[in-house]
Enquirer: 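Take this structure first; my questions come after.
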Amino acid sequence: MISRRIQDMAQWTNWVPLISAEPPPSPGVYLARQGADGPVVYVGVGAGARKGGGLRGRLRRYTSGKALASGLGEGIFDRALADRGWLRERLAEVESGRPMRASGWGKAALAWADMYVCWAPTESREEALALESRVLAIQDVDWWNRAR
């Protein structure tokens, strides 16, 4: 569910599962929600010189499992670590001699979180950062973003 206030800020794409998202390599802003119909919980920018660039580069970093301590990846991982059932599964893997590497934990956390994303491409990094700031200024959202 996306509020009218956020909806009116940009031309957002349709929601898709994060694991199958194919955003453009251009700058832009993405929204994330937990579950197909959950509330928006995160807003981020894909505008840097990451591999693949822009939105595509940023979201691919999350789906690789390598962004455990960065942005949305950190928000997902923090919540997975707070889930006793998820931790018990990881502990059972360790105790049975099948420990995963850190990126495997990241991918397991991503699967557990069931994240969906939509995005709004922008013309520039500056425009993306400004849109992100306007979205984050909405006070009635329980944002997962740490840098607020």
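Basis for what follows: all heavy atoms, side chains included, without hydrogens, waters or symmetry-related copies. Note that this is a predicted model, so its numbers are computed, not measured.
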Enquirer: Out of curiosity, Arg4 CZ to Ile6 CD1, how far, rounded to the nearest 0.5 Å?
Expert: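 Result: 12.0 Å between the selected atoms.
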Enquirer: Can you list everything that forms a ring-ring contact (aromatic ring centres under 6.0 Å, His included) with Trp144? Sequence neighbours excluded, please.
Expert: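 Applying ring-ring contact (aromatic ring centres under 6.0 Å, His included) to Trp144 gives none.
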Enquirer: Judged by atom type as modelled, is there a donor-acceptor pair below 3.5 Å linking the side chain of Arg79 to the main-chain atoms of Gly75?
Expert: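 Flag set: sc Arg79 to bb Gly75 pair under 3.5 Å.
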Enquirer: Restricting to non-hydrogen atoms, name the atom on Ala10 and the atom on Leu131 that form the minimum distance, rounded to 0.1 Å.
Expert: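 Minimum heavy-atom contact is CB-CD2, 3.8 Å.
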Enquirer: Rounded to the nearest 0.5 Å, how far does CD of Glu89 lie from CG of Asp83?
Expert: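 So the CG of Asp83 and the CD of Glu89 are separated by 8.0 Å.
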Enquirer: Which residues pass the side-chain contact (heavy atoms from CB on, under 4.5 Å) test with Asp114, sequence neighbours left out?
Expert: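 Residues passing side-chain contact (heavy atoms from CB on, under 4.5 Å) with Asp114: Tyr116.
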Enquirer: Under a 3.5 Å distance rule, please check whether Arg88 uses its side chain to pair with a backbone N or O of Leu91 as donor and acceptor.
Expert: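 No, because the side chain of Arg88 does not come within donor-acceptor range (under 3.5 Å) of the backbone of Leu91.
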Enquirer: If you round to the nearest 0.5 Å, how far is CZ of Arg5 from OG of Ser3?
Expert: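 So the OG of Ser3 and the CZ of Arg5 are separated by 6.5 Å.
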Enquirer: For residues Tyr42 and Ile76, determine if any side-chain heavy atom of one lies less than 4.5 Å from a side-chain heavy atom of the other.
Expert: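 When only atoms from C-beta onward are counted, Ile76 and Tyr42 do not touch, as no gap falls below 4.5 Å.
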Enquirer: Report the distance from atom CD of Glu127 to atom CZ of Arg125, rounding to the nearest 0.5 Å.
Expert: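 Glu127 atom CD to Arg125 atom CZ measures 13.5 Å (nearest 0.5 Å).
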Enquirer: Under a 3.5 Å distance rule, please check whether Arg56 uses its side chain to pair with a backbone N or O of Pro24 as donor and acceptor.
Expert: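 No, Arg56 side chain to Pro24 backbone: no donor-acceptor pair under 3.5 Å.
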Enquirer: Do you reckon Val16 sits in the same ILVMFWY cluster as Val29, going by side-chain contacts under 4.5 Å, direct or chained?
Expert: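 Cluster IDs for Val16 and Val29 differ.
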Enquirer: Can you get from Trp119 to Leu18 by hopping between Ile, Leu, Val, Met, Phe, Trp and Tyr side chains that sit under 4.5 Å apart?
Expert: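 Same cluster: Trp119 reaches Leu18 through Ile, Leu, Val, Met, Phe, Trp or Tyr contacts under 4.5 Å.
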Enquirer: Can you find a pair of side-chain heavy atoms, one from Val117 and one from Leu31, that are under 4.5 Å apart?
Expert: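 Val117 does not reach Leu31 side chain to side chain.
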Enquirer: When clusters are formed from ILVMFWY side-chain contacts under 4.5 Å, directly or step by step, what else is grouped with Trp112?
Expert: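 Hydrophobic cluster check, Trp112: joined to Leu68, Phe77, Leu81, Trp86, Leu87, Met100, Trp105.
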Enquirer: Looking at Asp37, is its backbone amide N or carbonyl O close enough to the side chain of Trp15 to form a donor-acceptor pair, meaning the two atoms are under 3.5 Å apart?
Expert: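 Not a single qualifying donor-acceptor pair exists.
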Enquirer: Nearest 0.5 Å please: distance from the CZ atom of Arg60 over to the CD atom of Glu22.
Expert: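 Those atoms lie 5.0 Å apart.
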Enquirer: So, for Val141 and Val40, which heavy atoms are closest and what is the spacing to 0.1 Å?
Expert: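 Closest heavy-atom pair between Val141 and Val40: CG1-O, 3.4 Å.
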Enquirer: For Arg58 and Gly46, work out which heavy atoms get closest and say how close.
Expert: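 Closest heavy-atom pair between Arg58 and Gly46: CB-CA, 4.0 Å.
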Enquirer: Using modelled atom types only, decide if a donor and an acceptor are shared between the side chain of Tyr30 and the backbone of Leu59 within a distance under 3.5 Å.
Expert: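 Such a contact is absent between Tyr30 side chain and Leu59 backbone.
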Enquirer: Looking at Asn14, I'd like to know if its CG atom is crowded, meaning that more than 12 non-hydrogen atoms belonging to other residues, nucleotides or ligands lie closer than 6.0 Å.
Expert: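 Counting neighbours around CG of Asn14, 12 or fewer heavy atoms of other residues, nucleotides or ligands fall under 6.0 Å, so no.
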Enquirer: Which heavy atom in Glu132 sits nearest to a heavy atom in Val43, and how many Å separate them?
Expert: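 Of all heavy-atom pairs spanning Glu132 and Val43, the closest is OE2-O, 3.6 Å.
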Enquirer: Under the criterion side chain to side chain donor-acceptor pair (under 3.5 Å), I'd like the reasoning laid out for Ser103 against Arg101: C-alpha separation, chi angles, the key distance, then a yes or no.
Expert: CA-CA 5 Å; Ser103 62; Arg101 297 181 55 88; 5.2 Å; no
Enquirer: Do you know the tightest heavy-atom contact between Trp12 and Val135?
Expert: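 Distance-wise, the nearest heavy atoms are CZ2-CG2, 4.3 Å.
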Enquirer: On a heavy-atom basis, which atom in Ala32 and which in Met115 lie closest, and how many Å separate them?
Expert: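 Here Ala32 and Met115 meet closest at CB-CE, 3.7 Å.
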